[in-house]
Amino acid sequence: MANDLISKNRPGSGYAFCRRVFELKAGLVGLAIGLIIIGGALIGPLLATVSPTDFVGAPFDPPSQDAMLGTDFMGRDVLSRVLHGGTQILGLSALATVIGVLIGTLLGIVGGYLKGRTDDIIMRLLDVAMAFPQTVLALLFISIVGPKSWLIAILVAAIHIPQVARVMRSVALRVSEEDYIRYAEAIGVSMMRIITREILPNLTAPLMVELGLRFTYSIALIAGLGFLGLMADPSIPDWGMMVNENRIGLLSNAWAVAAPVLILAVLTIGTNIFADSLGRTNRGMPSGPADDPKDDEKLSAGKTLETNSDNAAGKIRG
C-alpha cells in the first residue's frame, strides 16, 4: 500500500508526458506522417494490382496507364514494388529497435541503480563495444554468415545497445537519488519492485525519445544494407535495394529511384520531427517553429519552463 502511494504522482509520469506530447502541433504532424507511411507499407501489398515480380513492359518504361510510375530495370511495375517494399525494412527496423532499446534500458537501469562495481563493469564493456566501428563489423558478420533476417535485426540492435544504455544510466542515476526511492528502500521494498515500479515509470519520457531516434537510425541502417544488396531475400522488394537497382536508369524513368527515396525521406523527416518533440517535452521546453536561445540558459540555471497553449513562449517557474 505504501509503495502504491509512492508510485502515484511521481515526477516525470508517463501519462503527463504523453499528454504534453499530444498538445504539440509539431509532434502530431511528425506522428501523422510516420503513421501514414507505416500504414501504407502494411496495407500496400493489398492495394497493388499486379505482382511485384510480374513483367509489365520494357525496362525503364515511363509512367503509363498500365504502370503509373513506369517500370524498373527489369520491366516490373515500380508502383507495385514500392507498395510491397516497406514490409521487410520496417519490420526489421521495428524488431531491431525494440531489442536494442529493451536490452540497453535494462543494462542502464541496473548500472545506474546498483552503481559501484556492477556499474563499472557494464559501462566498461559498453565502452569497448563502442570503440569498434560498428557498421563495419555488421558488414563483416553479414559477409561471413550471410544476409539472414535474424542476423540483420541482431546486428542493428547491438549497435543501439551502448548508446541507449548510457542514456538510461544517466537518468537512472538521477532517479535513484530521489526521496521516494530512498523511502521505498527504507521500508524494505525489494530491488526488483523498486526498479519496475519506481525507476522504470520515470524513464518513460527518455525511453520514448530513444525509441523514436533508434527507429529512425534502424531504418537508415537497414535501407543502407538493402542498397548494398545485403538484405535477407533479394527477391522481396525493398526500398533501399530499389534505389541501387534502378540508378542506372535514372534519366529514363526517374520514378524508379525517386519513389523509394521520397518515401524514406518523408518517413525519416516525420520520425525525426516526432522524436524532436519528445526530446523537447522531456526537457520541459516549448515546441515551436524556432528555438528561444534563452530556454537553454533557463534550464542550465536549474529552472523549469511552463508551456503556454496560446503561444510558444516559456515562463520561468521556480
Side-chain angles (χ1 to χ4, degrees), residues 29-98 142 147-149 152-153 156 212 214-275:
V29 170
L31 179 61
I33 292 174
L35 291 178
I36 289 174
I37 299 296
I38 294 173
L42 293 177
I43 67 174
L46 302 176
L47 302 177
T49 57
V50 297
S51 171
T53 58
D54 288 347
F55 300 99
V56 297
F60 297 120
D61 272 348
S64 63
Q65 186 175 359
D66 296 331
M68 295 182 61
L69 295 181
T71 60
D72 67 355
F73 76 112
M74 293 184 65
R76 298 169 297 191
D77 183 31
V78 171
L79 179 59
S80 178
R81 293 185 65 79
V82 168
L83 292 175
H84 284 82
T87 306
Q88 182 173 234
I89 186 172
L90 293 180
L92 289 177
S93 298
L95 179 61
T97 301
V98 171
I142 292 175
K148 309 294 184 181
S149 296
I152 293 174
V156 175
R214 301 305 157 190
F215 183 63
T216 302
Y217 295 159
S218 296
I219 292 174
L221 288 171
I222 295 177
L225 293 176
F227 179 83
L228 296 175
L230 297 176
M231 293 303 293
D233 189 353
S235 64
I236 299 178
D238 177 86
W239 291 333
M241 184 171 58
M242 288 180 64
V243 177
N244 185 34
E245 290 176 340
N246 300 305
R247 57 192 174 89
I248 59 175
L250 184 61
L251 298 179
S252 300
N253 180 22
W255 284 111
V257 174
V261 168
L262 287 175
I263 291 177
L264 288 171
V266 171
L267 178 59
T268 302
I269 291 172
T271 53
N272 276 334
I273 292 175
F274 183 60

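Side chains are part of it too, since the values below use all heavy atoms of this structure and drop only hydrogens, waters and symmetry mates.
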For residues 41-55, dump all side-chain donor-acceptor pairs below 3.5 Å to protein atoms at least two apart in sequence or in another chain.
{"from": "Ser51", "atom 1": "OG", "to": "Thr53", "atom 2": "N", "distance (Å)": "3.3"}
{"from": "Ser51", "atom 1": "OG", "to": "Thr53", "atom 2": "OG1", "distance (Å)": "3.0"}

Distance from Ile38 atom CD1 to Ile33 atom CD1, nearest 0.5 Å? 11.5 Å
Please report the interatomic distance CG(Leu228) to CD1(Ile142), rounded to the nearest 0.5 Å. 9.0 Å
Is any side-chain heavy atom of Phe215 closer than 4.5 Å to a side-chain heavy atom of Ile219? yes
Determine all donor-acceptor pairs shorter than 3.5 Å in which one atom belongs to a side chain in residues 89-97; sequence neighbours excluded.
{"from": "Ser93", "atom 1": "OG", "to": "Ile89", "atom 2": "O", "distance (Å)": "2.6"}
{"from": "Thr97", "atom 1": "OG1", "to": "Ser93", "atom 2": "O", "distance (Å)": "2.7"}
{"from": "Thr97", "atom 1": "OG1", "to": "Ser218", "atom 2": "OG", "distance (Å)": "3.0"}

Any residue meeting side-chain contact (heavy atoms from CB on, under 4.5 Å) with Asn244, in chain and number order, not counting sequence neighbours: Phe227, Arg247
Let me check something: any side-chain donor-acceptor pairs from residues 251-268 under 3.5 Å, sequence neighbours excluded? List them with distances.
{"from": "Asn253", "atom 1": "OD1", "to": "Trp255", "atom 2": "N", "distance (Å)": "3.4"}
{"from": "Asn253", "atom 1": "ND2", "to": "Asp61", "atom 2": "O", "distance (Å)": "3.3"}
{"from": "Asn253", "atom 1": "ND2", "to": "Leu69", "atom 2": "O", "distance (Å)": "3.1"}
{"from": "Asn253", "atom 1": "ND2", "to": "Thr71", "atom 2": "O", "distance (Å)": "3.0"}
{"from": "Thr268", "atom 1": "OG1", "to": "Leu264", "atom 2": "O", "distance (Å)": "2.7"}

4.5 Å side-chain heavy-atom contact, Met242 and Val78: yes
d(Ile248 CD1, Asn246 CG) to nearest 0.5 Å is 7.5 Å
Summary of side-chain hydrogen bond (donor to acceptor under 3.5 Å, both in side chains) pairs that have at least one residue in residues 75-86, sequence neighbours excluded: Asp72-Arg76
Got a second to check how far Met231's CE is from Asp238's CG, nearest 0.5 Å? 4.5 Å
